[in-house]
Amino acid sequence: MAVPVVQSANFIKNPVTAEEHLDILERTEESLQKFQVYMSPIKLETESLINECDRILKLCDFIIHELQQERLQNLSQELKLAIKSHNLYSMEYHQEECKRELRNLPHSVVQLIQGCILAIKQAKLIAPTQANAMSEKLSQMLNAGKIHDKYEAVQLWR
């Protein structure tokens, strides 16, 4: 992604006449801005928050109040839009809003599920077969929770 920026920068000034090509300058500045956003830690954190929101909405929707779900969905969309438009300010603003909303989730259950997911990811590095079994069991437990089968969910948890 850096190569096009450097290549176009080489053509901003005509080497013979020393005349600046403003159209190339504008395109280069735009490409540079996109590159800076693409490589920024803010963008990486934004993508991480999008993934966390989407994962929580997918796995824990039966635990989370409908209004919170809507807010998380909207924040995820706003963060995606900020990335698409290369807007660092919007990313930072919506990151803070998203973090605040995530802190307001029903902590005990959501954090437990997030902890299980993290443990499964780490287990995949050491024992992939057992990690797949754990993942399947977690999936079954979450599905039991979604259909309000508390007995099945508790049995799977044990």
Next on the checklist: Between Thr46 and Glu92, does the side-chain contact (heavy atoms from CB on, under 4.5 Å) criterion hold? Intermediate values first, please.
Outcome noted: CA-CA 8 Å; Thr46 300; Glu92 288 177 319; over 6 Å; no
Checklist entry - Given side chains that start at C-beta, do those of Asn87 and Leu81 come closer than 4.5 Å, heavy atoms only? => result no
Item to check | Considering all heavy atoms, the nearest Asp54-Lys80 contact | outcome: OD2-NZ, 3.4 Å
Item to check | Euclidean distance, Lys137 NZ relative to Gln130 CD, rounded to 0.5 Å | outcome: 13.0 Å
Next on the checklist: If you define the side chain from C-beta out and look only at heavy atoms, does anything of Leu102 sit under 4.5 Å from Cys98?
Outcome noted: yes
Checklist entry - Is the shortest heavy-atom distance from the side chain of Glu101 to the side chain of Asn74 under 4.5 Å? => result no
Item to check | Heavy-atom neighbours of Lys99 NZ exceed 12 at 6.0 Å | outcome: yes
Item to check | pair Arg55-Glu52: side-chain heavy atoms closer than 4.5 Å | outcome: yes
Checklist entry - Given the rule in the side-chain contact (heavy atoms from CB on, under 4.5 Å) test, do Glu97 and Arg100 qualify, once you have shown the distances and angles that lead to the verdict? => result CA-CA 5 Å; Glu97 292 293 312; Arg100 189 174 306 116; 2.7 Å; yes
Checklist entry - Rounded to the nearest 0.5 Å, how far apart are CG of Leu75 and CD of Gln68? => result 11.0 Å
Checklist entry - Is the closest side-chain heavy-atom distance between Glu47 and Leu79 below 4.5 Å? => result no
Checklist entry - Hey, what do you get for CD1 (Ile64) to CG (Leu72), rounding to the nearest 0.5 Å? => result 6.0 Å
Checklist entry - Just how far is it from atom CD of Gln69 to atom CD of Gln73, taken to the nearest 0.5 Å? => result 6.5 Å
Item to check | Interatomic distance, Leu44 atom CG to Ile83 atom CD1 [nearest 0.5 angstrom] | outcome: 9.0 Å
Checklist entry - In Å, rounded to the nearest 0.5 Å, how long is the span from SG of Cys116 to NZ of Lys121? => result 13.0 Å
